[in-house]
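Below is one structure, written out as structure tokens, with a few remarks after it.
Along the sequence shown, residues are numbered consecutively beginning with 1.
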Amino acid sequence: MNIQRLLDGISLLGTSWVLWLLFAFSITGLAIIIERVVCYWASRDDVNQLGKRLAPLLREQQWQAASKLLSESPSFEAKVALASLDRAALAQPSAASADELMLGAMELGRLELERYLGFLSTLGANAPFVGLLGTVIGIVHAFQQLDVSSGSLTEGLMAQIGESLIATAAGLIVALPAIAAFNLFRRVVQTRIARAEALRRTVLGCLRTSESV
């Protein structure tokens, strides 16, 4: 296949398909942002207060009451701590087994918290290049038309050049919210992980205290 003919064929398509592609990306990115906001908002809780209420129950070996307390919390951090008490109704959980269970729950929870963030990162990094591609294609097509018209600038040609420049702007418009949302969500995930780690240490400290009694 002749590469020149292939490039000419792509340039004849114009920039409309690039704009539609960016529009589809923007809708997908917006849907992900809304989904993540709902997810993080629905799983919020006062973890500091939860830890203060949990510690006395663990020290007094009230495993079922501790499990009930954690089960009532919608937070990711509570689910991590709850993993250590899955068998509390049968026997006292050991600190070693509880630590492994909580670490496993934390990794699974991290995957849930970070779901779709990779798409936002990719979209933010590459949308400007997609827009720039549309601009290049539009400019190439405009020069081809300029050559056919023997250098005569028509209104249609100027409109096409303007549309080509819009593609770059559209790429930036799509990328900026995606990057901002990705950075914000990454901060939320890191905060949740840190809180889960603090609650895990609280649970382990209380379990080790109860084992030494």
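- Residues Leu103 and Leu58 do not share a hydrophobic cluster, defined by chaining ILVMFWY side chains whose heavy atoms lie under 4.5 Å apart.
- Counting all heavy atoms, side chain and backbone alike, Leu22 lies closest to Ala170 at CD1-CB, 3.8 Å.
- Counting non-hydrogen atoms of other residues, nucleotides and ligands closer than 6.0 Å to CZ of Arg201 gives a total of 12 or fewer.
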For this session: Run the numbers on Ile32 and Leu123 for side-chain contact (heavy atoms from CB on, under 4.5 Å), then give the verdict.
Result: CA-CA 11 Å; Ile32 290 175; Leu123 180 60; over 6 Å; no
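- At least one donor-acceptor pair under 3.5 Å links the side chain of Lys79 to the backbone N or O of Pro74.
- Side-chain atoms of Ser26 come within 3.5 Å of backbone N or O of Phe23 as a donor-acceptor pair.
- The CG atom of Asp45 sits 9.0 Å away from the CZ atom of Arg192 when rounded to the nearest 0.5 Å.
- In the hydrophobic clustering of ILVMFWY residues, with side-chain heavy atoms under 4.5 Å counting as a link, Trp17 and Val130 come out together.
- Atom CD1 of Ile193 and atom CZ of Arg200 lie 11.5 Å apart (nearest 0.5 Å).
- At least one donor-acceptor pair under 3.5 Å links the side chain of Tyr40 to the backbone N or O of Leu113.
- Cys206 contributes atom SG, which lies 11.0 Å from atom CD of Gln61 (distance to the nearest 0.5 angstrom).
- Scanning all heavy atoms of the two residues, the minimum distance from Ser43 to Cys39 falls at OG-O, 3.0 Å.
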Exercise. Would Glu114 and Arg186 satisfy salt bridge (charged side-chain N to carboxylate O under 4.0 Å, His left out), going step by step from the backbone distance to the final call?
Worked result: CA-CA 8 Å; Glu114 293 180 344; Arg186 283 291 298 171; 2.8 Å; yes
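- Atom CG of residue Leu54 and atom CD of residue Gln62 lie 11.0 Å apart, to the nearest 0.5 angstrom.
- With Ser84 contributing its side chain and Ala81 its backbone, the two residues share a donor-acceptor pair below 3.5 Å.
- Ile179 and Ile33 are assigned to two separate hydrophobic clusters, defined by single-linkage of ILVMFWY side chains at heavy-atom distances under 4.5 Å.
- Cluster membership for Leu133 and Ile173, using ILVMFWY side-chain heavy atoms within less than 4.5 angstrom, is not shared.
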Problem set entry | Pair Arg36-Arg115, side-chain contact (heavy atoms from CB on, under 4.5 Å): steps then yes or no | CA-CA 8 Å; Arg36 289 290 85 189; Arg115 187 171 59 173; 3.4 Å; yes
Problem set entry | side-chain contact (heavy atoms from CB on, under 4.5 Å) between Val18 and Thr135, intermediate numbers included | CA-CA 9 Å; Val18 175; Thr135 296; over 6 Å; no
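- A chain of hydrophobic side-chain contacts below 4.5 Å, direct or via other Ile, Leu, Val, Met, Phe, Trp or Tyr residues, connects Val37 to Leu120.
- Side chain of Arg53 to backbone of Ala66: no donor-acceptor contact under 3.5 angstrom is found.
- Between Leu50 and Leu69, the shortest heavy-atom distance links the atoms CD1-CG, 3.9 Å.
- To the nearest 0.5 Å, atoms CG (Leu199) and CG (Asn48) are separated by 9.5 Å.
- To the nearest 0.5 Å, the span separating CE on Met102 from CG on Leu204 amounts to 4.0 Å.
- The backbone N or O of Phe76 lies less than 3.5 Å from no partner atom in the side chain of Arg195, so there is not a single donor-acceptor pair.
- Side-chain N or O atoms of Ser73 include none that pairs as donor or acceptor with a backbone N or O of Ala78 at under 3.5 Å.
- Ser121 places no side-chain N or O within 3.5 Å of a backbone atom of Leu117 that could act as its donor or acceptor partner.
- Minimum heavy-atom separation, Gly51 to Thr202: O-CG2, 4.4 Å.
- Annotation: side chain of Leu85 is not in contact with side chain of Leu101 (no heavy-atom distance under 4.5 Å).
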